[in-house]
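Scope of the values below: all heavy atoms of this structure, side chains included, with no hydrogens, waters or symmetry mates.
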Amino acid sequence: MKVSVSMYSLNKVVQAEGWSVVDFIAYAKEINLDGVELLDFYWKNEEGEVEEVLAALKEYNLPVSAYDVTNNFVKESPEERALEVEKINDGIRMAKTLGTNIVRVFCGDLSGELTYEDGQDWIVEGLKKSAVLAESEGIYLAIENHGLLAGKSEQVEEIIQKVDSPYVRSTFDTGNFLLVHEESEKAFERLKENIVHVHFKDFRVKDAQEQINGFRSTQGVELIGTIPGDGQVNLSYIVNGLKDSHYDGWLSIEYEGFDDPKKANEEAVRRLRELLQ
């Protein structure tokens, strides 16, 4: 297995220091990563930056582990949903350019009175449409268990089954299952045959006296991002399970806490490499 870091893991630094994608790639080389995970919303001038990014990847000998698309199929108008399909298709084309065969995708976000059941048909419809290009290009659409919609392993599995494409699989986010009160061990056992990409993440419950805003779960519990290993996720179980499943893909760190992101990610890399020994 190979170790990567998502650019989102350094989001506070990206915003504070005005990092470009190339700046992030240079940082990734400094901390001896095997690869980098890039996202669609960090381009400042996509057309103008791509060649610079490709040159930096070549210079530092760093492959792209995954390219992340920030889509949302839970929209009531067909025209809006068509735009989301095109967003993923653009992501597939960019992944091809960047040399990765993984596009991280979302299902969507809840709004108003909509439920997962309301949005499921739209999600399946959209992913089926994008799967046509994904299959022709040999690119996996890896659904992340994200937020409160399709956050449970059962929901992710159901969508994968209904889309029924060998190129629609799972980005297994180790931490996000806590937001829907599901144990990551049980989620892993359900999804392990569908995993093509992993987000290495951890959360803890917010202390009552803390004056910070965390992520609120489906039951109203506030969770705080931690360096992997300091929270509630049994990460060794996941890593050992991946070994047993002969998974040889990427483990990509995604840190969402309040500590210094550089120090937190560097410690996360150290811990992950230790688990992989």
- Item | CG (Asn61) with more than 12 external heavy atoms under 6.0 Å | no
- Take atom CD in Gln209; do more than 12 heavy atoms of anything else shown fall under 6.0 Å from it? yes
- If only atom types and distance count, is the side chain of Thr171 paired as donor or acceptor with the main-chain N or O of Ile143 below 3.5 Å? no
- In Å and rounded to the nearest 0.5 Å, what is the CG to CD1 distance from Leu251 to Ile238? 10.5 Å
- Cationic tip of Arg104 within the cone over Phe106's six-membered ring, i.e. under 6.0 Å and within 45° of the normal? yes
- Short question: side chain of Glu157, backbone of Ser153 - any donor-acceptor pair under 3.5 Å? no
- Query: Is the shortest distance from a Lys or Arg side-chain nitrogen in Glu84 or Arg81 to a carboxylate oxygen in the other one below 4.0 Å?
  - Reply: no
- Query: When you measure from the side chain of Arg271 to the backbone N and O of Pro228, does any donor-acceptor pair fall under 3.5 Å?
  - Reply: yes
- Between the side chain of Asp34 and the main-chain N/O of Val3, is any donor-acceptor distance below 3.5 Å? yes
- For the side chain of Asp202 and the backbone of Gly225, is there at least one donor-acceptor N/O pair under 3.5 Å apart? no
- Task: Return the set of residues passing salt bridge (charged side-chain N to carboxylate O under 4.0 Å, His left out) with Asp173 (not counting sequence neighbours), or none when no residue passes.
- Result: Lys201
- hydrophobic_cluster_shared for Val103 and Val163, side chain cutoff 4.5 Å: yes
- Message: With a 6.0 Å cut-off (strictly less than), is the heavy-atom count around CD of Glu76, excluding the residue itself, greater than 12?
- Response: no
- Query: Does the side chain of Ser236 pick up a donor-acceptor pair with the side chain of Asn234 at under 3.5 Å?
  - Reply: yes
- Item | Sidechain N-carboxylate O distance under 4.0 Å for Glu222, Lys206 | yes
- Task: Measure the spacing between CD of Gln232 and CG of Leu235 and express it to the nearest 0.5 Å.
- Result: 11.5 Å
- Separation of Leu179 CG from Arg216 CZ (nearest 0.5 Å): 11.5 Å
- Would Tyr42 and Asn11 count as having a side-chain donor-acceptor pair, cut-off 3.5 Å? yes
- Roughly how far, to the nearest 0.5 Å, is CG of Asp109 from CG of Asn72? 4.5 Å
- Task: Taking Thr100 for its side chain and Ile102 for its backbone only, find out whether a donor-acceptor pair lies under 3.5 Å.
- Result: yes
- Task: State which residues pass side chain to side chain donor-acceptor pair (under 3.5 Å) with Glu86; sequence neighbours excluded, sorted by chain then number.
- Result: Arg93
- Geometric class of the Phe177/Phe172 ring pair [parallel <30°, tilted 30-60°, perpendicular >60°]: tilted
- Item | N-O pairing of Glu267 and Arg270 below 4.0 Å | yes
- Message: I'd like to know if the side chain of Asn194 and the backbone of Ser170 have a donor-acceptor N/O pair within less than 3.5 Å.
- Response: no
- Going from CE on Met1 to NZ on Lys243, what distance comes out if it is rounded to the nearest 0.5 angstrom? 6.0 Å
- Item | Check against side-chain hydrogen bond (donor to acceptor under 3.5 Å, both in side chains), Glu49 and Ser20 | CA-CA 9 Å; Glu49 285 180 274; Ser20 66; 5.2 Å; no
- Task: Looking only at non-hydrogen atoms, find the nearest pair between Gly175 and Phe203 and report the distance.
- Result: O-CD1, 3.4 Å
- Message: Quiz question: by atom type and distance under 3.5 Å, do the side chains of Ser217 and His181 form a donor-acceptor pair?
- Response: yes
- Report the C-alpha distance between Tyr27 and Val5 in whole Å, list the side-chain angles of each, state the deciding distance to 0.1 Å, and finish with yes or no for side-chain contact (heavy atoms from CB on, under 4.5 Å). CA-CA 10 Å; Tyr27 167 78; Val5 166; 5.7 Å; no
- Contact list for residues 5-26, test salt bridge (charged side-chain N to carboxylate O under 4.0 Å, His left out), sequence neighbours left out: Glu17-Lys262
- Item | Residue Asp248 excluded, over 12 heavy atoms near CG under 6.0 Å | no
- Query: Are Ile92 and Leu83 connected, step by step, through hydrophobic side chains (Ile, Leu, Val, Met, Phe, Trp, Tyr) whose heavy atoms are closer than 4.5 Å?
  - Reply: no
- Message: Could you go through Trp43 and Val53, starting from their C-alpha distance and side-chain angles, then the distance that decides it, and tell me whether this counts as side-chain contact (heavy atoms from CB on, under 4.5 Å)?
- Response: CA-CA 10 Å; Trp43 298 111; Val53 167; 3.7 Å; yes
- Task: Examine Val105 and Val132 and state if one hydrophobic cluster contains both, with Ile, Leu, Val, Met, Phe, Trp and Tyr joined whenever side-chain heavy atoms are less than 4.5 Å apart.
- Result: no
- Query: Should we say atom NZ of Lys129 is surrounded by more than 12 heavy atoms from elsewhere, each under 6.0 Å from it?
  - Reply: no
- Query: Do Glu30 and Tyr60 have side-chain atoms, one donor and one acceptor, less than 3.5 Å apart?
  - Reply: no
- Item | Approximate separation, where rounding is to 0.5 Å, of Leu133 CG and Asn89 CG | 5.0 Å
